[in-house]
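Input: a single structure, listed below in structure tokens.
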Amino acid sequence: MMSSSIDTGVAGTVADTTGSTTELRNLYYARFGFAVVWALLLMLTGATLTPVSISLLVIYPLFDVAAAVIDFRTSGAARPRAPLYLNMALSLLTAVGLAVAVSSGIPDVLRVWGVWAITAGIVQLIVAILRYRLGGQWAMILSGAISTFAGAGFIAGAGAPNAALTTVAGYATLGGIFFLISAIRLHLRAAQTQ
């Protein structure tokens, strides 16, 4: 049974909650698809920094900005405003940071990506905790926690002599899988409440 409001400090109706859950689920499915396709393309093109791999690197955080905007507009009562604004700002700054870092090489790209993974992971963790009552958020909580550790790994790995972008592709794939798990759990929960 679903309550009439979400514990994010914003009241809403059951219809608002159901609609926001459906939109969130669909957004999670889209994020999974994007992450897997993006990771595959980066694996194929990311051995060195080329115009294609650079474009892919900058597109990923920009997609994250777009996803956060969609999330903000569609999540209704489940909308944690401040963390979503913060996520948008961090992702936009990361896109700019990556566009600058590519001129210095893969190690600097990994450092920028690492800082983003840490900060975005913390924000994702906060958003998932605030949305806990919606269901399907354990995977997002776990993903946020893992992201912070992965970010530290990117920063540490940037100093290695064989620093590579393949770890970023693996990170995106794992993140996509967590989005898929959450989407499926939200889908199953919605089916149980009908």
Side-chain angles (χ1 to χ4, degrees), residues 6 8 10 16 19-46 51-102 109 112-131 134 136-137 139-141 143-144 146-148 150-151 154 165 168-187:
I6 303 297
T8 60
V10 182
D16 289 341
S20 66
T21 301
T22 300
E23 295 295 331
L24 188 61
R25 179 194 69 209
N26 293 341
L27 180 61
Y28 285 176
Y29 279 131
R31 292 193 73 162
F32 162 72
F34 175 82
V36 170
V37 170
W38 181 89
L40 178 63
L41 291 173
L42 188 66
M43 288 291 290
L44 294 172
T45 63
V52 173
S53 63
I54 290 168
S55 296
L56 287 169
L57 288 167
V58 174
I59 285 170
Y60 196 95
L62 291 177
F63 179 83
D64 197 62
V65 172
V69 169
I70 292 167
D71 187 347
F72 185 84
R73 289 184 176 176
T74 61
S75 57
R79 175 180 34 215
R81 288 180 183 270
L84 286 174
Y85 280 136
L86 182 57
N87 184 53
M88 291 176 216
L90 287 171
S91 295
L92 193 55
L93 286 171
T94 299
V96 172
L98 287 169
V100 171
V102 295
V109 167
V112 171
W113 199 280
V115 170
W116 182 44
I118 292 168
T119 56
I122 292 167
V123 172
Q124 183 179 25
L125 186 60
I126 292 166
V127 170
I129 290 169
L130 291 173
R131 288 181 169 160
L134 282 177
Q137 296 302 302
M140 293 293 91
I141 291 170
S143 177
I146 289 172
S147 183
T148 60
F154 291 136
L165 297 175
V168 173
Y171 167 81
T173 302
L174 183 60
I177 291 168
F178 282 123
F179 278 117
L180 177 63
I181 291 167
S182 284
I184 292 169
R185 289 182 57 94
L186 286 170
H187 190 93

Between Trp38 and Val168, does the side-chain contact (heavy atoms from CB on, under 4.5 Å) criterion hold? Intermediate values first, please.
CA-CA 10 Å; Trp38 181 89; Val168 173; 3.6 Å; yes
Could you walk me through whether Leu180 and Val36 pass the side-chain contact (heavy atoms from CB on, under 4.5 Å) check?
CA-CA 11 Å; Leu180 177 63; Val36 170; over 6 Å; no
Checking Val127 against Asn87 for the side-chain contact (heavy atoms from CB on, under 4.5 Å) test, could you report, in this order, the C-alpha distance in whole Å, the side-chain angles of both residues, the deciding distance, and whether it holds?
CA-CA 10 Å; Val127 170; Asn87 184 53; over 6 Å; no
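Relative ring orientation between Tyr29 and His187 is described as perpendicular, the plane-to-plane angle rising above 60° on a 0-90° scale split at 30° and 60°. Note: Trp116 and Tyr60 have perpendicular aromatic rings, judged against thresholds of 30 and 60 degrees for the angle between ring planes.
For the side chain to side chain donor-acceptor pair (under 3.5 Å) test, no residue two or more places apart in sequence or in another chain qualifies with Thr148. The side chain to side chain donor-acceptor pair (under 3.5 Å) test applied to Tyr171 returns Ser147, not counting sequence neighbours.
The backbone N or O of Pro51 sits less than 3.5 Å from a side-chain atom of Ser55, completing a donor-acceptor pair.
Taken from OG1 in Thr22 to CG in Leu27, the straight-line distance is 12.5 Å, to the nearest 0.5 Å. Taking OG1 of Thr94 as the start and CG of Leu62 as the end, the distance is 9.5 Å to the nearest 0.5 Å. Remark: Met88 CE to Leu84 CG distance equals 5.5 Å, nearest 0.5 Å. The distance from atom OG of Ser53 to atom CG of Leu41, rounded to the nearest 0.5 Å, is 11.5 Å. Rounding to the nearest 0.5 Å places CD1 of Ile177 at 12.5 Å from OG of Ser182. Taken to the nearest 0.5 Å, the CH2 atom of Trp113 stands 14.0 Å off from the CD1 atom of Ile118.
In this structure, Ala169 and Leu42 approach most closely via the heavy-atom pair N-CD2, 4.0 Å. Closest non-hydrogen pair, Gly151 versus Ala117, comes out as CA-CB, 3.6 Å. Contact record, Gly175 with Ser143: CA-OG, 4.5 Å, taken as the closest heavy-atom pair. Heavy atoms only, all atoms of each residue included: Gln124 and Phe179 are closest at NE2-CZ, 4.1 Å. The shortest heavy-atom contact between Leu130 and Pro83 is CD1-CG, 4.0 Å.
Taking the side chain as every heavy atom from C-beta outward, Thr74 and Leu24 never approach each other to under 4.5 Å.
Asp71 has no carboxylate O lying under 4.0 Å from a charged side-chain N of Arg31, or vice versa, which leaves the two without a salt bridge.
When Ile122, Val123, Ile129 are each tested for a side-chain contact (heavy atoms from CB on, under 4.5 Å) with Ile126, only one passes: Ile122.
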